[in-house]
Amino acid sequence: MALPEQDTHARVTALVEEYSTTLYRVAYSVTRNTADAEDVVQETFLRVLRHRSKLAEVRDYRVWLVRIAWNLVLDRKRRAKTRPQVDDFEDLARVLPTSELSAEKRVITAQRHARILALIDTLPAREREVLLLSAVKELSTVEIALVLETTESTIRSRLYRARHALAALLEQEGSLQ
Amino acid sequence: MTVHSDIDDTLRRLGSVEPPSGLERRVNLRLQGSRNRFSATVTRTIATCALAASVALSAVVLNPALRSRAFHHHVTAAGTPAANTPRVVSPVSGGFGTASAVHVPVEPVPVQPTPVNQGRGRSRSGRVVLPTGNLAPLPRGVGAPSATPAVAPDPTR
């Protein structure tokens, strides 16, 4: 059953207030660009508005919205055919919350984060996606499984493989330096 | 710092990025703009449809041929008269629709008598019959058979 128009607008506005930050984090984990991440959030809610007749049927708004944002951000990345820019350490230091550190340490930390993010991008797609979604603190393993339409055990095993592969890459890189 | 703690730290920071301030307000503004655009589009569509309908209706009302086609279409579509059924036309001049375009003569139209309309030369069933009386002489070279010719056996059988 569809909601009345006024209720729909109120519901969408409430969803914006409640889930914008989560969706921004999901989008930013892939784009690593503030403007692109914000575009994805806006596009997600435009989709919601377009399919507002389904609002009454949705059981879990968080999973539903994250799935829309996730598909949008993957589409955008596929279209762009570019890797996220992780070389801009200053931007990364500004965006990633490291304000408790001194300026010098902040740059060093940003470089380390950039290196790890660059290595994450070299992982196989399935493992990379699970790793990035697991970084979003609002999402549980069950919710990630629902977003990616797979089982919780699959998510756990992919996460395990991704972390080990990433650790191996980092150690290999460290031994080369 | 171990490798795993490095990874955890990076993922933790990546997953707790704060959005730029005013994100919700900007999203709501864009949604509002989209809603307004949608309602404007709906209004424009309805206005266009209404205009097109009024133009079409005016054309139908003003043009007798279109009017008859529009208002008397059911006569030909629903009850198509049989081919041999005589069509009865009202002798009244004027009228509405098709009737206005048909000119029915006031006086009966005189018809020249012909063998066909006099019923001569054909039976009631429509078959041609030879006249029995006042037989005209057959042209030369045409012989009328005096008896039914014998049918030759079919060689293929």
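In what follows, every chain begins at residue 1, and chains take the letters A, B, ... in the order their sequences are listed.
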Q: Please report the C-alpha distance between A:Lys137 and B:Arg12 in whole Å, then the side-chain angles of each, then the deciding distance to 0.1 Å, and finally whether the side-chain contact (heavy atoms from CB on, under 4.5 Å) criterion is met.
A: CA-CA 7 Å; A:Lys137 62 181 180 186; B:Arg12 188 169 49 79; over 6 Å; no
Q: Just give me the residue among A:Val41, A:Val26, A:Leu46, A:Leu131 that pairs up with chain B most often, heavy atom to heavy atom, under 4.5 Å.
A: A:Leu46
Q: Give the member of A:Thr44, A:Val136, A:Leu49, A:Leu133 that has the highest number of heavy-atom pairs under 4.5 Å with chain B.
A: A:Leu49
Q. Among A:Leu169, A:Ile116, A:Leu170, whose side-chain contact (heavy atoms from CB on, under 4.5 Å) with B:Val3 holds?
A. A:Leu170
**Q.** Over 12 foreign heavy atoms within 6.0 Å of CZ, B:Arg26
**A.** yes
Q: Start with the C-alpha distance between B:Leu31 and A:Val48, add both sets of side-chain angles, then the distance that settles side-chain contact (heavy atoms from CB on, under 4.5 Å), and finish with yes or no.
A: CA-CA 10 Å; B:Leu31 292 180; A:Val48 170; over 6 Å; no
Same cluster or not: [X] versus [Y], using hydrophobic residues (I, L, V, M, F, W, Y) connected whenever any side-chain heavy atoms lie under 4.5 Å apart?
{"X": "B:Leu29", "Y": "A:Phe45", "answer": "no"}
{"X": "A:Leu148", "Y": "A:Tyr160", "answer": "no"}
{"X": "A:Trp64", "Y": "A:Leu74", "answer": "yes"}

**Q.** Interatomic distance, B:Glu24 atom CD to A:Leu15 atom CG [nearest 0.5 angstrom]
**A.** 12.5 Å
**Q.** Interchain contact, A:Leu139 with chain B, by part (heavy-atom threshold 4.5 Å)
**A.** neither
Q: Starting from the C-alpha separation in whole Å, work towards a yes-or-no answer on side-chain contact (heavy atoms from CB on, under 4.5 Å) for B:Leu23 and A:Glu38.
A: CA-CA 7 Å; B:Leu23 173 69; A:Glu38 188 170 331; 3.2 Å; yes
**Q.** Heavy-atom pair with the smallest gap, counting every atom of B:Leu11 and A:Arg163
**A.** CD1-NH1, 4.0 Å
Q.
Quick check: closest heavy atoms across A:Arg25 and B:Gly15, and the distance to 0.1 Å?
A. CD-O, 3.0 Å
(Q) Is the shortest side-chain heavy-atom distance between A:Glu43 and B:Arg30 below 4.5 Å? (A) yes
Q | Pairwise side-chain contact, A:Tyr24 with B:Pro20, heavy-atom cut-off 4.5 Å (strictly under) | A | yes
Q.
Assess the residue pair A:Thr34 and B:Val17 against the criterion (side-chain contact (heavy atoms from CB on, under 4.5 Å)); give the C-alpha distance rounded to whole Å, side-chain angles, the decisive distance to 0.1 Å, and a yes or no.
A. CA-CA 10 Å; A:Thr34 50; B:Val17 170; over 6 Å; no
